[in-house]
Amino acid sequence: MFLFVNFRKIRDRKGVNFHGVEVIQGYTVVKDGINKWCIPKFGKMRVDAVIYVNDTLKELLHEDQSLRQITNAATLPGVVKPVIGMPDIHEGFGLPIGGVMAIEEKGVISAGAVGYDINCGVRLLRTNLEAEYFNKELLYKLIERIEYYVPTGIGKKGRHKGITRLIFDDVVHNGVEAVIKAGFGKKSDLNFIEEGGKLSGADISAVSKEAQERGEEQLGTLGGGNHFIEIQQVDSILDEKLAERFGLFKGQIAVMIHTGSRGFGHQIATDYTKILWEAAKKYGVDVPEKGLAAAPIDSKEGKAYYKAMAAAVNFAFSNRQIIMFDVIKAFEDVLKKSSESMGFQLVYDVAHNIAKWEEHGGKKLLVHRKGATRALPAGHPQNPSFYKESGHPALIPGSMGTGSYVVVGTEKAAETFYSVNHGAGRRLSRNKAKKITKEEFEKAMGDVIYNVRSFKDIVDESPLAYKDVEEVISVLSERGITTPVARLIPLAVVKGAD
DNA sequence: ATGTCC
């Protein structure tokens, strides 16, 4: 053994490390092929944890608690090998953002492993419009009009609250179909939303009155933080065939919408973190930190959380549907053309904070994804029919001033439960990002137009606060888990503002 | 992420 160790290359970084073995935050991390590192199970861990990073992104793991969080998740009852950290991993509440945790039927369900913004997700619309005709003046007019229709910022109520109050129960139980019936979009949009815009099993009776009251008036609002509506240009096509299937071409105008379940999902997450924390004690589930509060899937409390979570999932899909409708209306107003003549079409809508029943390796698993996106490969039966042969588009936004990607999962993505990263991933905490100067911020934004006038309200969303999206994307594509299809760059962005 | 602390 002594000789074996001596043959290996010794690296002097954060202490003495051997080639292929490093110690990060006190955890022994072992290289397992291209861009994949494993924390072999030890102590109370029931399974290994795995992270997908290259050398640059691996260094960032020294700076936060995300390894502790994935190893903690690996102790939960029913967890299936491995708990996964995506290349955009960073510390969260409970499971890190960029975490995937799959649980067997006899195991537990955790609210903190889904996150506070239940079904936060991304939707991409394409057009037949050419970006070269969109000058700054036109882009300003468009984002101004979008802001007129879509309330943005924390605590805002929807413009359609008269209608959404009436259809609220229908929305919660039936998802996007309910808002389409009320006039927001067309029936065929359902074919281009994960789960067809409805996670079954939702039940409003599992949702607190407080959450319901917050939700009823918030459908059709963007929210704050990293939520955005972005007018983008398809910058490069990386896979011709798949891009053609997705209706994407170089120079095309596209719109990306990133938002979630607003105060509704947040209240549900708050309520059930408390409920599941108490339930864990009652059922004797050993939960290592409050953020991972979990109860048996089969328990009264576990079942109730699933029903409430599904309600928030349906709310968020519907929220993005209404916002899409309003964005298209803004384009119609400004360009004085119909939606049809501009070629508006939903490409896809993906969730990135959700727990769902899926079949993996012949087993029924409750897959918790928090800051991770499902990416089914070509031929997978759970693809929507239009994308059955190609695999569905997985949408990965970068930070505000940088590129976004459309990718497709491959067969090799089976090792991540067909999951990919959900974005660039935060590099600086919001507090640290506040130290970015106005000059640095403006330089990072380049020519991208944005709506927020107050620098201090937006500085923590600076591209400098995020990891390099190119780096993050390359981790999974180099490993063969994803096929990049197209890169989109922002022209103008609407963020939450007061 | 969030009526950014009922």
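Sequence lines set the chain letters: A, B, ... in the order given, protein chains first and strands last, and positions in each chain run from 1. Just so you know, these numbers come straight off a predicted model, no measurement behind them.
- With rounding to whole Å, Q267(A) atom CD is found 14 Å from dC5(B) atom P.
- Within the nucleic acid shown, R426(A) has no heavy atom closer than 4.0 Å to any nucleic acid atom.
- Listed by chain and residue number, N54(A), T56(A) satisfy the side chain to side chain donor-acceptor pair (under 3.5 Å) test with E471(A) (two or more places apart in sequence, or in another chain).
- Take E213(A) and apply the side chain to side chain donor-acceptor pair (under 3.5 Å) test, not counting sequence neighbours, and it matches no residue.
- Legend: residues meeting side chain to side chain donor-acceptor pair (under 3.5 Å) with K281(A), ordered by chain and number and at least two apart, are absent.
- Counting any heavy atom pair closer than 4.0 Å across all strands shown, E213(A) reaches no nucleic acid atom.
- Residue G224(A) is in sugar-phosphate contact alone, with no base atom involved, counting any heavy-atom pair closer than 4.0 Å across all strands shown.
- Residues from residues 146-167 of chain A with heavy atoms under 4.0 angstrom of DNA chain B, sorted by number: I154(A), G155(A).
- Note: CG (L222(A)) to C1' (dT2(B)) measures 14 Å, nearest angstrom.
- Atom CZ of R430(A) and atom C1' of dT4(B) are 10 Å apart (whole Å).
- As rounded to whole Å, 16 Å separates atom P of dT2(B) from atom CG of D271(A).
- With sequence neighbours excluded, the residues that form a side-chain contact (heavy atoms from CB on, under 4.5 Å) with Q382(A) are E358(A), R374(A), L376(A), H380(A).
- Taking the six-membered ring for Trp and the full ring otherwise, the centers of Y387(A) and F246(A) sit less than 6.0 Å from each other.
- Looking at residues two or more places apart in sequence or on another chain, you find a side-chain contact (heavy atoms from CB on, under 4.5 Å) between H266(A) and Y116(A), R214(A), T270(A).
- Rounded to whole Å, atom C1' of dT4(B) lies 10 Å from atom NZ of K434(A).
- Atoms NZ (K274(A)) and C1' (dT2(B)) sit 17 Å apart, rounded to a whole Å.
- When heavy atoms are screened at a 4.0 angstrom cut-off, G263(A) is found touching the sugar-phosphate backbone but no base atom.
- We find that CD of E210(A) is positioned 12 Å from C1' of dT2(B), with the value rounded to whole Å.
- Counting any heavy atom pair closer than 4.0 Å across all strands shown, E461(A) reaches sugar-phosphate atoms only and no base atom.
- Residues H422(A) and H258(A) place their aromatic rings such that the two centres sit no closer than 6.0 Å.
- Per the geometry, CG belonging to N119(A) stands 13 Å off P belonging to dT2(B), to the nearest Å.
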